[in-house]
Amino acid sequence: MKIENADNQRCGFVTLLGAPNAGKSTLVNQLIGQKVSIVSPKVQTTRTRVSAVLTEGDCQAVFIDTPGIFADPKRRLEKAMISMAWHEAHQTDRIMVLVDASKKAAVQHSEIILSNLKGPFSKIDLILNKVDAVPKESLLALADRLMTEYGFASCFMVSALKGSGVEQLRKHVFDLLPEGPWHYPEDQITDMANPLLAAEVTREKLFLNLNQELPYELTVETESWAVQNNGDLRIEQAIIVSKSGHKGIILGNKGQKIKKVGADSRRDLSDLFGRKVHLFLFVKVKEKWLDDMERYREMGIDPSLVPR
Ligand code: GDP
Ligand code: MG
């Protein structure tokens with residue numbers, strides 16, 4: 001059946017690839033102009049696939065903010081995340097590689113990743129980010145070197161944080177979009193289900209409050225979600241750790257830590273959903289949660305892509 005496209009609509013999917021901390025989530029938020037993904041100063045916080053939708057005029061661009069790509073994946077979860085990112089990237093209309101240009105180590109990390117990328121780069125755009133923190137001469141030299149070495153389609157220099165260069169990038173994205181009907185209603189900004197989004201918010205607060213103490217093997221699951229008669233939201237979430245010793249770290253002295261995490265998360269959730277939120281957090285120990293394929297599915301990762 002042919003889908004009529006009488007409205008001249010254009011729609012396409014754009015994948016953002018980049019090392020952890022390159023600024024993918026920040027860029028997506030800047031492009032969309034609203035908080036849709038989780039931004040955190042700690043690496044590796046965007047674990048689930050988050051897409052954001054930008055609709056303007058006849059155009060609709062759907063951004064896939066991939067989980068971090070690692071130069072040297074060791075853990076099963078990291079490998080699964082990379083397989084997922086690749087799998088998704090190749091199904092989209094355009095791939096854009098984001099590089100943190102502000103730190104030498106970050107550029108080197110990106111180059112290890114790039115050397116593993118299968119071309120052709122002539123259909124991939126390079127985005128140099130954090131230009132607010134780079135002297136102009138070294139920025140131009142870097143752009144020149146990467147363009148010559150890899151032959152990207154084009155190079156954009158942006159500050160995802162401050163917004164400079166983002167307008168040109170947005171225009172470029174719109175120009176690339178193939179003709180086709182929109183995939184989402186005009187007012188939709190993310191296709192991540194609300195309970196999953198709420199779990200991401202709490203996970204962000206755990207990262208921010210626990211710093212170095214944070215157990216790596218941790219996940220948050222929204223267990224119940226209910227709109228009460230008065231319109232308030234009641235959300236119950238389980239913080240799942242793999243070792244019983246980690247439970248105390250999350251709770252903190254006299255439960256102070258989890259209380260603070262809950263208060264911070266509740267504040268953001270109320271803003272996000274535009275209503276009063278009653279949030280209940282529990283800590284659960286599940287030793288084998290990383291082996292549980294259902295858990296991957298909940299995190300948006302196709303279990304068939306998890307290496308054995
Ligand atoms: P992701 O892991 O690629 O999604 O990276 P995030 O978007 O979470 O950003 C990682 C860190 O880099 C955060 O602390 C951001 O505030 C910071 N950051 C992102 N973009 C910029 C930028 O343009 N300039 C500067 N100075 N910092 C940035
Ligand atoms: Mg991110």
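What you see is a predicted model, and the numbers here were worked out from it, not measured in a lab. Counting convention: from 1, in listed order, for ligands and their atoms alike.
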Between Q30 and A160 (side chain of the first, backbone of the second, donor and acceptor by atom type, cut-off under 3.5 Å), is there such a pair?
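Checking the backbone N and O of A160 against the side chain of Q30, a donor-acceptor pair under 3.5 Å is found.
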Do the side chain of D93 and the main chain of V14 share a donor and acceptor less than 3.5 angstrom apart?
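Such a contact is absent between D93 side chain and V14 backbone.
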Atom of L139, atom of L128 and distance for their closest heavy-atom approach
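Taking L139 first and L128 second, the nearest heavy atoms are CD1-CD1, 4.1 Å.
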Short N/O distance, under 3.5 Å, between [X] and ligand 1?
{"X": "V158", "answer": "no"}
{"X": "S25", "answer": "yes"}
{"X": "A160", "answer": "yes"}
{"X": "L161", "answer": "yes"}

Side chain to side chain contact (heavy atoms under 4.5 Å, CB included) with V261: which of E204, R266, K205, Q256?
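Of all the options given, the one that passes is K205.
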Considering only heavy atoms of D132, which atoms of ligand 1 have at least one such atom less than 4.0 Å away?
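Selected atoms, number and element: 22 (C), 23 (O), 24 (N), 25 (C), 26 (N).
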Could you tell me which atoms of ligand 1, counted from 1 in the order shown, lie closer than 4.0 angstrom to a heavy atom of S159?
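Under 4.0 Å from S159, ligand 1 has these atoms: 22 (C), 23 (O).
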Proximity to ligand 1 by part of N129, non-hydrogen separation under 4.0 Å
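Near ligand 1, N129 shows its side chain, while the N, CA, C and O stay back.
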Would you call G18 a ligand 1 contact, heavy-atom distance under 4.0 Å?
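So G18 does not count as touching ligand 1.
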Full working for salt bridge (Lys or Arg N to Asp or Glu O under 4.0 Å) between D175 and K171:
CA-CA 6 Å; D175 287 345; K171 194 174 170 305; 3.4 Å; yes
Within the 3.5 Å criterion, strictly below it, is a donor on S164 or S159 matched to an acceptor on the partner's side chain?
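Per modelled atom types, S164 and S159 side chains form no pair under 3.5 Å.
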